[in-house]
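Each remark here refers to the structure printed beneath this line.
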Amino acid sequence: MAAGAAIGNIGGMMNLAIADHHPVKPGARDSALADYDCVRRAIAFISQKWKAQPTIEAIADAAGLTPDELHHLFRRWAGLTPKAFMQALTLDHAKSLLRDSASVLDAALASGLSGPGRLHDLFVTHEAMSPGEWKAGGAGLGLRYGFHPSPFGTAVIIASDRGLAGLAFADPGEEQAALVDLQQRWPRAVCVPDQDTTAPLAQRIFDPAQWRAEQPLRVVLIGTDFEVRVWETLLKIPLGKAVCYSDIAANISLPKASRAVGAAVGKNPISFVVPCHRALGKGGALTGYHWGLTRKQAMIGWEAGRLGAE
DNA sequence: TCCAACCGACGAC
DNA sequence: GTCGTCGGTTGGA
């Protein structure tokens, strides 16, 4: 009920955050959302027409840009040329991400606490909270939420005092639905708007320059035992790698549970930070994504750009 | 606590 | 596409 009252405020808050379907103006301030809006249209067009080998001109047209603007957009957004971006969305690329899928997880485990190897590009410490724990301790705990522009559309961030609890994405006009979808995962929690709390989280999560091992991002995983194990496994997948569902299943010693793993991956409440977009079907197919396959493609393309920047 | 129905972000053909 | 399979989740008892 407190949450209901809070939801009423969103409309007003969102007005400043949402850039509508306007083409990107050079030098426009706060261009993250407008950028993603174009990227989204480009991806949609590419995945629809990929067989016909669309030209840069055609893609730019579909995104509402000139070819030159498209080029600058992708450079700014992911550090990638349009051509390299298209390359990053091919099945071949997905397969190369999947290379050594099984051993990626074992290697991460082995390097563990001592090794120099990074587990996750965005350094994360996590603790798990079972539904039971949540219920028992939930009385005194509150959640704070905020909306923030991100490279993948408007990000909805939910934080508890124990750390980041939820991260969802929304296309223009769907912000409220995204918040409700996220909130419903913890029906007993009291959720209040608090941009001041969530803004620093957003800034840090989406700016790779701020990913630091010394000060890992605190995250709290709230789910069933099985779900938490699956999400912990996802956290082991480094940037530039992907794993398939059956390898996750094998990694948690339930080799036949790949299907259940898929369901659990789909319930991941902390999109992007818990990299469920790095879980692919065995053959490299993207299968599904709670926040839309287009967004999964966007993340994969964006990360391809990060890889080159390392 | 126990059990049966339910239901896929699987995977093989 | 479609189909067999299977285990986690859910909800009622």
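Lettering of chains follows the sequences in order, A, B, ..., and the numbering in each one begins at 1.
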Query - Distance test, side-chain N/O of A:S258 to OP1/OP2 of C:dG7, below 4.0 Å - result: no
Query raised in the report: In this structure, which one of A:K296, A:R295, A:E303 forms a side chain to side chain donor-acceptor pair (under 3.5 Å) with A:H277?
Result: A:E303
Checking [X] now: which residues fulfil side chain to side chain contact (heavy atoms under 4.5 Å, CB included) with it, not counting sequence neighbours?
| X | value |
| --- | --- |
| A:R144 | A:V192, A:D194, A:T197 |
| A:P255 | none |
| A:A178 | A:V156, A:A170 |
| A:D61 | none |

Write down the distance between [atom1] ([X]) and [atom2] ([N]), rounded to a whole number of angstrom.
| X | N | atom1 | atom2 | value |
| --- | --- | --- | --- | --- |
| A:R229 | C:dG7 | CZ | P | 14 Å |
| A:D181 | B:dA9 | CG | P | 13 Å |
| A:I248 | C:dG7 | CD1 | P | 17 Å |
| A:K282 | B:dG11 | NZ | P | 6 Å |

Report summary line: Against the side chain of A:Y289, the closest entry in C:dC6, B:dA9, B:dC10 is B:dA9
Report task. Among residues two or more places apart or on two chains, list those pairs meeting ring-ring contact (aromatic ring centres under 6.0 Å, His included) that have a residue in residues 281-301 of chain A. Result -> A:Y289-A:W291
**Report entry** Selection residues 211-227 of chain A - residue pairs positive for salt bridge (charged side-chain N to carboxylate O under 4.0 Å, His left out), sequence neighbours left out
**Finding:** A:E127-A:R218, A:E227-A:K267
Polar pairs (N or O, both sides) under 3.5 Å between protein and nucleotides 1-3 of chain B?
none

Query raised in the report: Given A:K95 and A:D92, is the salt bridge (Lys or Arg N to Asp or Glu O under 4.0 Å) satisfied, shown in steps?
Result: CA-CA 5 Å; A:K95 284 179 178 164; A:D92 274 356; 5.0 Å; no
Query raised in the report: Is the closest side-chain heavy-atom distance between A:L179 and A:Y145 below 4.5 Å?
Result: yes
Query raised in the report: Just by distance, with hydrogens left out, do A:E232 and A:H126 show a side-chain donor and acceptor under 3.5 Å apart?
Result: yes
Report task. Check whether the side chains of A:T287 and A:Y245 place a donor and an acceptor atom closer than 3.5 Å, and report yes or no. Result -> yes
Provide a list of protein-nucleic acid N or O atom pairs under 3.5 angstrom, restricted to nucleotides 2-4 of chain C.
{"from": "C:dG4", "atom 1": "N1", "to": "A:R259", "atom 2": "NH1", "distance (Å)": "3.1"}

Requested in this report: Output all residues satisfying side chain to side chain donor-acceptor pair (under 3.5 Å) with A:Q215, sequence neighbours left out; order by chain, then residue number.
Outcome: none
Report summary line: Those residues at least two apart in sequence (or on a different chain) that pass side chain to side chain donor-acceptor pair (under 3.5 Å) with A:K282 are A:S246
Query raised in the report: For DNA chain B, what string of dots and brackets results from 5' to 3' when Watson-Crick and G-U pairs need both distances under 3.5 Å, crossing pairs get [ ], and pairs with another strand get |?
Result: ||||||||.||||
Query - Protein proximity profile, nucleotides 8-13 of chain C - base contact B, sugar-phosphate-only contact S, no contact -, cut-off 4.0 Å on heavy atoms - result: SS----
